[in-house]
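By convention in this document, chain letters (A, B, ...) are assigned in the order of the sequence lines, proteins followed by strands, and residues within each chain are numbered from 1.
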Amino acid sequence: KQEVTQIPAALSVPEGENLVLNCSFTDSAIYNLQWFRQDPGKGLTSLLLIQSSQREQTSGRLNASLDKSSGRSTLYIAASQPGDSATYLCAVWRTGGFKTIFGAGTRLFVKA
Amino acid sequence: DAMVIQNPRYQVTQFGKPVTLSCSQTLNHNVMYWYQQKSSQAPKLLFHYYDKDFNNEADTPDNFQSRRPNTSFCFLDIRSPGLGDAAMYLCATSSPGDGYNEQFFGPGTRLTVL
């Protein structure tokens with residue numbers, strides 16, 4: 001059974017700091033991994049998607065990496081800003097079906 | 001802009017009174033999903049449609065049903081809402097044929113059960 005864990009559950013950093021959010025999964029038979037951002041009371045916004053054959057994806061100040069063999073993904077945020085404050089969730093889509101398993105998220109607060 | 005739309009954004013119902021949540025998409029995606037998300041928890045997949053094929057998750061209560069009358073619309077029916085069904089309901093779409101199956105989410109419907 002696939003389980004997705006995100007550590008830490010919450011993180012508070014000063015503005016301008018570079019930071020790393022972690023996502024681990026127990027079953028390496030995944031099709032892709034997707035990182036999302038969720039603002040309070042809102043839906044999920046897709047940030048980056050990494051296919052199982054890829055090692056990393058970049059978008060602006062965000063960089064996501066994937067190591068299937070160790071069951072880990074990281075989301076790197078460069079030069080954090082107060083507007084980055086949100087909950088960040090990772091989700092894995094296993095091969096052979098449409099079930100997507102989400103982590104519980106990391107709640108990020110960037111202090112001005 | 002292509003998007004996923006959910007209505008209403010907020011829904012209040014009474015214990016046991018049926019309620020229907022709506023999702024529509026302009027992305028023309030084959031797959032539509034319904035997730036339940038309780039406070040500070042991970043979204044939990046309830047079911048999905050691949051075109052007209054309905055796929056229910058094994059642990060989704062019978063109280064939850066879904067309809068997809070056409071490619072653009074999908075509905076979530078809760079037949080007899082209980083207090084434990086109060087949550088955010090998220091609709092998402094994806095297109096496996098593009099090789100990525102990236103999921104796109106709507107803004108969600110916050111359901112309150114009194």
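- Here the side chain of A:Gln34 pairs a donor or acceptor atom with the backbone of B:Gln103 at under 3.5 angstrom.
- Counting heavy-atom pairs under 4.5 Å between each of B:Pro107, B:Pro43, B:Ser39 and chain A puts B:Pro43 at the top.
- Side-chain contact between A:Lys42 and B:Arg9: present, with at least one pair of heavy atoms (C-beta onward) separated by less than 4.5 Å.
- Note on A:Ile30 and A:Val4: same hydrophobic cluster, where clusters join Ile, Leu, Val, Met, Phe, Trp and Tyr whose side-chain heavy atoms are under 4.5 Å apart, directly or indirectly.
- Scanning both residues, B:Arg110 and A:Gly41, for their nearest heavy atoms gives NH2-CA, 4.2 Å.
- In this structure, the side chains of B:Ser94 and A:Thr100 stay at 4.5 Å or more apart for every pair of heavy atoms.
- Both the backbone and the side chain of B:Asn101 have a heavy atom closer than 4.5 Å to some heavy atom of chain A.
- Annotation: residues 56-69 of chain B contacts chain A through B:Glu57 [non-hydrogen atoms, separation under 4.5 Å].
- Under a hydrophobic-cluster definition in which Ile, Leu, Val, Met, Phe, Trp and Tyr are linked whenever side-chain heavy atoms come within less than 4.5 Å, directly or via other members, A:Leu108 and A:Leu48 are assigned to the same cluster.
- Residues of residues 73-84 of chain A lying under 4.5 angstrom from chain B, judged on non-hydrogen atoms, do not exist.
- Looking only at side-chain heavy atoms (C-beta outward), A:Leu44 and B:Tyr35 stay at 4.5 Å or farther from each other.
- The two residues B:Ala42 and A:Phe102 have their closest heavy-atom pair at CB-O, 3.6 Å.
- The heavy-atom pair separating B:Gln37 from A:Leu89 by the smallest distance is NE2-CD2, 4.5 Å.
- Residues B:Phe54 and B:Trp34 are members of one and the same hydrophobic cluster, defined by side-chain heavy-atom contacts under 4.5 angstrom among Ile, Leu, Val, Met, Phe, Trp and Tyr.
- Taking OG of A:Ser46 as the start and CZ of B:Phe105 as the end, the distance is 9.0 Å to the nearest 0.5 Å.
- The candidate with the highest count of non-hydrogen atom pairs below 4.5 Å against chain B, out of A:Asn32, A:Thr87, A:Asp39, A:Ile101, is A:Asn32.
- Residues B:Val19 and B:Phe47 fall within the same hydrophobic cluster, defined by Ile, Leu, Val, Met, Phe, Trp and Tyr side chains chained together at heavy-atom separations under 4.5 Å.
- Evaluation of the side chain to side chain donor-acceptor pair (under 3.5 Å) rule for B:Asp51 yields B:Asn30 as partners, not counting sequence neighbours.
- Of all residues spanning residues 70-90 of chain B, those with a heavy atom less than 4.5 Å away from chain A's heavy atoms are B:Met88, B:Leu90, arranged by number.
- Hydrophobic cluster membership differs between A:Leu49 and A:Leu21, with clusters built from Ile, Leu, Val, Met, Phe, Trp and Tyr side chains linked at under 4.5 angstrom.
- Contact annotation for A:Gln38: only side-chain heavy atoms (C-beta onward) come within less than 4.5 Å of a heavy atom of chain B.
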